[in-house]
Peer 1: 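Quick one: the structure is below, questions incoming.
Chain letters run A, B, ... following the sequence lines, proteins first and then strands; every chain starts at 1. Reckoned from all heavy atoms, side chains included, excluding hydrogens, waters and symmetry mates.
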Amino acid sequence: MFNKRVKIKELLNGEPKEQEVVVMGWVRTFRNNQFVALNDGSCNSNIQVVLELGRFEEDLLKRITTSASLKVTGNVIPSLGKGQKLEIKATAVEILGDSDAEKYPLQPKKHSLEFLREIAHLRFRTNTFGSVFRIRHSLAFAIHKFFHEKGFLYLHTPIITASDAEGAGEMFRVTTLPFDQTPRNEDGTVNFKEDFFGKSTNLTVSGQLEGELGATAFGEIYTFGPTFRAENSNTARHLAEFWMIEPEMAFCDLEDNMNLAEEFIKYIIRFAMENNREDLEFLSQRLADEEKQLPQDKRSEMGLIEKLEFVLNNNFERITYTEAIDILLQSPAYKKKKFQYDVKWGIDMQSEHERYLVEKHFKKPVIVTNYPKDIKAFYMRLNEDGKTVAAMDILAPGIGEIVGGSQREERLDRLEQRMAEMHVPATEMDWYLDTRRFGSVPHAGFGLGFERMVQFVTGMGNIRDVIAFPRTPKNCEF
RNA sequence: GGAUGAAUAGCUCAAUGGCAGAGCAGCGGUUUGUUAAGCCGCCGGUUGAAAGUUCGAAUCUUUCUUCAUCCGCCA
């Protein structure tokens, strides 16, 4: 059997036993022709492999270069040097794969995140990205664990859809029609009857509508899958391809929805805190070092771990949209005309307004509810006042909107009226309306942008650094 | 889509109209219980692309490309 190796994480968490082990990994650094810092991706730390002078061939030592892969056999002993608890005294070293030092782009020093983005296929081998992606994995696992423990059914909603009614954003077209000599109707429009699906199709922008179909049968479902938006968004928090979690619950109102969202976010953060301590500590230190370069007033008040603990130990602030507008109108920032955009009831709050509420006023996550109906989607439940809908957005410090959700309009007549007002084609949405025709129930749900959550937990400033291969306008490498 | 800024060696940066340079990496040597090892030496450039101004352009002008930050759209 080839793989009898011990993972480095396991070794480092144990005690030196003076017994022979096999480890495999990639060379991070090779010092003094004696000390290999070996990493196998199981944790942020490297294990020190000691090669006794004179014991190994010169030719072999020359091949131990940065990122060469090694199979090392040796004894785990208490480290003779400072800086690590234990080390492996090698008895045999095999080069599994050479790494040409002249061509290998990563050096044992700090690289810019922009440079690493250009070599995204190799950036996993850095400490920072190692930590980010181990945490990303933990969060994904915790999401499934949370919902499974609560009895939610994981529903796989389609990636390719034919509905263009949801209006969550611009869509990527899916087609097999040729670009030249496209089949046309008599009026000159494209004849989609000739297309693969016999109709116009797109990549999904949300699994919510299909999710509602599941919730009105299984009670509680969630989706967790890729989502696509063809928006020309050039920011540090938008991707053209991102992962979204969308729970949908029957027999739930807006308050239940908020409670679930808050419990959910705290649960997955706690899971990462308990299972990725070393990675979080590394990222926390990284962030602190970064911030040392910033002027005093631009630095965060809390360190990364401190921030996460604060979120875990405090309730999210819950305010209505109307209260939020009042706070903004009363704010020193408004009175001193610091806002670029005007504030009045009915506006769609700008980033500067949300940031003020979250980062200056409350200094913690804020749930804003009951938005004016005109700035929200057709499926949100109309409140008794006739002006607002049962929507809720969760705003997180440094990230902005991390969750968008609502209680859904379960009353068929109201829903049809809203669809008509907002020019949503009811004929194409018949399947959706069936949930309201046959045993309609109060229900609610939300969407959480997974990458934004990973950003929040890892403290990474750019969303392109928390997804393996980011897709953004004019960028689709790897 | 809009605004602003940037692009110089593999990486991080310097050179403000007058001979393109440093640190790191790499390579060769040396040292050997190191922690992003030390010491000596060597290698390294179509200054993002194209055009223009000028005796002379990395530097000034124009266009383009890419990247970053902020805004808009949103998760």
Peer 1: Closest-nucleotide mapping onto RNA chain B: is A:T472 or A:A240 further toward the 5' terminus? I mean the 5' end.
Peer 2: A:T472
Peer 1: From the set B:C73, B:U32, B:C11, return the single nucleotide nearest to any side-chain atom of A:F115.
Peer 2: B:C11
Peer 1: If we take the P atom in both B:C39 and B:C55, what is their distance in whole Å?
Peer 2: 49 Å
Peer 1: I need a per-nucleotide contact map over nucleotides 38-45 of chain B, read 5' to 3'. Cutoff is protein heavy atoms under 4.0 Å; write B for the base, S for backbone only, - otherwise.
Peer 2: --------
Peer 1: May I ask you to say what A:Q84 touches in the nucleic acid, namely base, sugar-phosphate or nothing, with a heavy-atom cut-off under 4.0 Å?
Peer 2: base
Peer 1: Looking at B:A36, does its base get a donor-acceptor pair with the side chain of A:R28 below 3.5 Å?
Peer 2: no
Peer 1: Taking 4.0 Å as the cut-off, does a side-chain nitrogen or oxygen of A:Q350 come that near to OP1 or OP2 on B:G72?
Peer 2: yes
Peer 1: Distance between the C1' atoms of B:G72 and B:U12, in whole angstroms?
Peer 2: 34 Å
Peer 1: Examine A:K266 relative to A:F271 and say whether NZ or CZ is less than 6.0 Å from the centre of the six-membered ring and inside a 45° cone about the ring axis.
Peer 2: no
Peer 1: Does A:R31 have a side-chain nitrogen or oxygen under 4.0 Å from the phosphate oxygens OP1 or OP2 of B:U32?
Peer 2: no
Peer 1: RNA chain B: A:V50 or A:N234, which has the more 5' nearest nucleotide?
Peer 2: A:V50
Peer 1: Taking only N and O in the side chain of A:R237, is any of them less than 4.0 Å away from OP1 or OP2 of B:C71?
Peer 2: yes
Peer 1: Stacking check: are the rings of A:F242 and B:A75 less than 5.5 Å apart at their centres and under 30 degrees in tilt?
Peer 2: yes
Peer 1: My understanding is that a pair needs two contacts under 3.5 Å, Watson-Crick or G-U wobble. By that rule, which nucleotide pairs with B:C64?
Peer 2: B:G48
